[in-house]
Amino acid sequence: QVQLVESGGGLVQAGGSLRLSCAASERTYSSRAMGWFRQAPGKEREFLAAISWSGTSTYYADSVKGRFTISRDNAKRTVYLQMNSLKPEDTAVYYCAARSSTVTATKSTDFGSWGQGTQVTVSS
């Protein structure tokens, strides 16, 4: 499994922006599809975005399409989630995930490695 460490969470006002980063420890990171999920208190983990190993293919949940952008820098073994026009309902713990495949996926069960999560709080 690859170790993942998220950063960049925090407190932001509604309408603001944050960029989350996820650093991977493994050399094979560049051959893995990556994803971002979130989990709010009392709710199930929700898929947000995924990106293929090359970065040429991305997929987004309808709830964040047009507001969030996933990208990756394989030289830095890092995947990013740029979040714009944040809303109070975006408040959650955000998780980075990796799967042992180059192809994107949207189910949490398709990802075998997870970070510890980073808290994002959006105030109204």
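Note that the structure is predicted; figures quoted are calculated from it, not measured.
- Rounded to the nearest 0.5 angstrom, K107 NZ and F47 CZ are separated by 12.5 Å.
- R38 and A92 get closest at one heavy-atom pair: CB-CB, 3.9 Å.
- Judged as a ring-ring contact (aromatic ring centres under 6.0 Å, His included), and not counting sequence neighbours, Y94 has no contacts.
- The two residues A49 and Y60 make their nearest non-hydrogen contact at CB-CD2, 3.6 Å.
- Put simply, V12 and F68 are part of the same group of oily side chains (I, L, V, M, F, W, Y) that touch within less than 4.5 Å, one to the next.
- Around the CD atom of Q119, the shell of radius 6.0 Å holds more than 12 heavy atoms that belong to other residues, nucleotides or ligands.
- No donor-acceptor contact under 3.5 angstrom links the side chains of Q13 and S124, judged on distance only.
- When atom types are taken as modelled, the side chain of T91 and the backbone of T121 share no donor-acceptor pair closer than 3.5 angstrom.
- With no hydrogens or angles considered, a side-chain donor-acceptor pair links S17 and N84 at under 3.5 Å.
- A distance of 12.0 Å separates OG1 in T58 from CZ in R72, rounded to the nearest 0.5 Å.
- No side-chain heavy atom of I51 sits less than 4.5 Å from a side-chain heavy atom of Y59.
- Within the 4.5 Å cutoff, the side chain of L20 has heavy atoms near those of the W36 side chain.
- Looking at heavy atoms from C-beta onward, M83 lies in side-chain contact with V120 at the 4.5 angstrom threshold.
- Here the straight-line distance linking atom CD of E89 with atom OG of S63 works out to 9.5 Å at 0.5 Å rounding.
- Checked by atom type and distance alone, the side chain of R77 never pairs as donor or acceptor with a backbone atom of C22 at under 3.5 Å.
- Within 6.0 Å of the NZ atom in K76, the count of heavy atoms belonging to other residues, nucleotides or ligands does not exceed 12.
- Looking at Q3 and V5, their side chains never come closer than 4.5 Å, going by heavy atoms from C-beta outward.
- Between the side chain of R67 and the main chain of S85, a donor-acceptor pair closer than 3.5 Å is present.
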Would you please test T69 and Y80 for side-chain contact (heavy atoms from CB on, under 4.5 Å) and show each step?
CA-CA 8 Å; T69 302; Y80 304 97; over 6 Å; no
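- Of the possible donor and acceptor atoms, none in the side chain of D73 sits under 3.5 Å from a partner among the backbone N and O of V79.
- Residues S71 and M34 fail the side-chain proximity criterion, which asks for heavy atoms closer than 4.5 Å.
- How far OG of S21 is from CD of Q82: 9.5 Å, rounded to the nearest 0.5 Å.
- Applying the ring pair (Phe, Tyr, Trp, His ring centres under 6.0 Å) definition to pairs two or more places apart or across chains, those involving residues 101-124 are F37-F111, F37-W114.
- Judged purely by atom type and a 3.5 angstrom limit, E6 uses its side chain to pair as donor or acceptor with the backbone of G117.
- Side-chain contact check for L81 versus L48: some heavy-atom pair is nearer than 4.5 Å.
- Taking 4.5 Å as the limit, some side-chain heavy atom of S25 sits within range of a side-chain heavy atom of V2.
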Compile the donor-acceptor pairs under 3.5 Å between side chains in residues 95-105 and protein atoms, sequence neighbours left out, one pair per line.
unit_1: R99; atom_1: NE; unit_2: D110; atom_2: O; d: 3.1
unit_1: R99; atom_1: NH1; unit_2: V103; atom_2: O; d: 2.7
unit_1: S101; atom_1: OG; unit_2: V103; atom_2: N; d: 3.1

